[in-house]
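Values below: all heavy atoms of this structure, side chains included; hydrogens, waters and symmetry mates excluded.
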Amino acid sequence: MEPLNSLDELSPGQEFDLGRFALPRQEVLDFARRYDPQYFHLDEEAAKGSTFGGLVASGLHTLSSAIGHLVRSGLITRINLAGGGMELSWPAPMPPDTEVAFTLGVVEIRPSRSKPEMGIVKLRYLLKRVDNGAVVLDATATHFMKR
């Protein structure tokens, strides 16, 4: 993907297809052991009795993977300065080895009042399961970006 050179190349309503990825079972287990050791992320048998009916990736893992995927895409590498917060939800679970499609949408752009060389951009991270279209991550993140 061609990197953006300025936030001025963005406009509200614009969308970028960032491709697909999956979280392998072993990675789901490793992340859970280290950062989110809840039984439905760690224990296949116990997870069958959970509200999810089976092993699922941590929402934090799903979010971290989306951010990593965005950064590796190179799209905002030249212009991203920092994050400034996020509103998020995990409407459906993400089982291990489930492929998701990542769409990045531009929600809002506004200039910085104190720093004219930068602006504030709200981006929507949307991850949908390829097999059934279920949304596994819906997040709106505030980014500070170069003009």
Return the minimal non-hydrogen interatomic distance between [X] and [Y], and the atom names on each side.
{"X": "Arg20", "Y": "Ala101", "answer": "CG-CA, 4.0 Å"}
{"X": "Pro116", "Y": "Ser114", "answer": "CD-O, 3.8 Å"}
{"X": "His41", "Y": "Val56", "answer": "ND1-O, 2.8 Å"}
{"X": "Ala66", "Y": "Tyr125", "answer": "CB-CD2, 4.3 Å"}
{"X": "Ser73", "Y": "Leu70", "answer": "OG-O, 2.6 Å"}

Quick one: are [X] and [Y] in side-chain contact, heavy atoms under 4.5 Å?
{"X": "Phe40", "Y": "Leu55", "answer": "no"}
{"X": "Leu7", "Y": "Lys146", "answer": "no"}
{"X": "Leu23", "Y": "Pro96", "answer": "no"}
{"X": "Met94", "Y": "Val100", "answer": "yes"}
{"X": "Leu4", "Y": "Leu10", "answer": "yes"}
{"X": "Lys128", "Y": "Val136", "answer": "no"}
{"X": "Leu126", "Y": "Val135", "answer": "yes"}
{"X": "Ser50", "Y": "Gln38", "answer": "no"}

### Task
On the 0 to 90° scale, with breaks at 30° and 60°, tag the Phe102-His69 ring pair as parallel, tilted or perpendicular.
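Geometry flag for His69 against Phe102: tilted rings.
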How long is the span from the [atom1] atom in [X] to the [atom2] atom in [Y], to the nearest 0.5 Å?
{"X": "Arg124", "Y": "Thr140", "atom1": "CZ", "atom2": "OG1", "value": "6.5 Å"}
{"X": "Ile109", "Y": "Lys122", "atom1": "CD1", "atom2": "NZ", "value": "12.5 Å"}
{"X": "His143", "Y": "Ile79", "atom1": "NE2", "atom2": "CD1", "value": "9.5 Å"}
{"X": "Leu104", "Y": "Leu18", "atom1": "CG", "atom2": "CG", "value": "5.5 Å"}
{"X": "Phe21", "Y": "Arg72", "atom1": "CZ", "atom2": "CZ", "value": "8.5 Å"}
{"X": "Leu75", "Y": "Thr77", "atom1": "CG", "atom2": "OG1", "value": "7.5 Å"}

Going only through I, L, V, M, F, W and Y residues with side-chain contacts under 4.5 Å, is there a path from [X] to [Y]?
{"X": "Met1", "Y": "Leu127", "answer": "yes"}
{"X": "Val28", "Y": "Val130", "answer": "no"}
{"X": "Val107", "Y": "Met86", "answer": "no"}

### Message
Donor-acceptor pair, distance only, cut-off 3.5 Å: does the side chain of Glu27 make one with the backbone of Pro24?
### Response
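No.
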### Query
For the side chain of Ser64 and the backbone of Leu60, is there at least one donor-acceptor N/O pair under 3.5 Å apart?
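Checking the backbone N and O of Leu60 against the side chain of Ser64, a donor-acceptor pair under 3.5 Å is found.
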Check this for me: does any side-chain nitrogen of one of [X] and [Y] sit under 4.0 Å from a carboxylate oxygen of the other?
{"X": "Arg110", "Y": "Glu108", "result": "yes"}
{"X": "Glu117", "Y": "Arg147", "result": "no"}
{"X": "Arg25", "Y": "Asp97", "result": "no"}

### Task
List the steps, then state whether side-chain contact (heavy atoms from CB on, under 4.5 Å) holds for Leu137 with Leu88.
CA-CA 7 Å; Leu137 173 70; Leu88 67 147; 4.3 Å; yes
### Single hit among Tyr35, Trp90, Phe31 for ring pair (Phe, Tyr, Trp, His ring centres under 6.0 Å) with His61
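When ring pair (Phe, Tyr, Trp, His ring centres under 6.0 Å) is applied between His61 and each of Tyr35, Trp90, Phe31, only Phe31 qualifies.
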#### Entry: side-chain contact (heavy atoms from CB on, under 4.5 Å) evaluation trace for Thr142 with Ile120
CA-CA 7 Å; Thr142 301; Ile120 300 145; 3.5 Å; yes
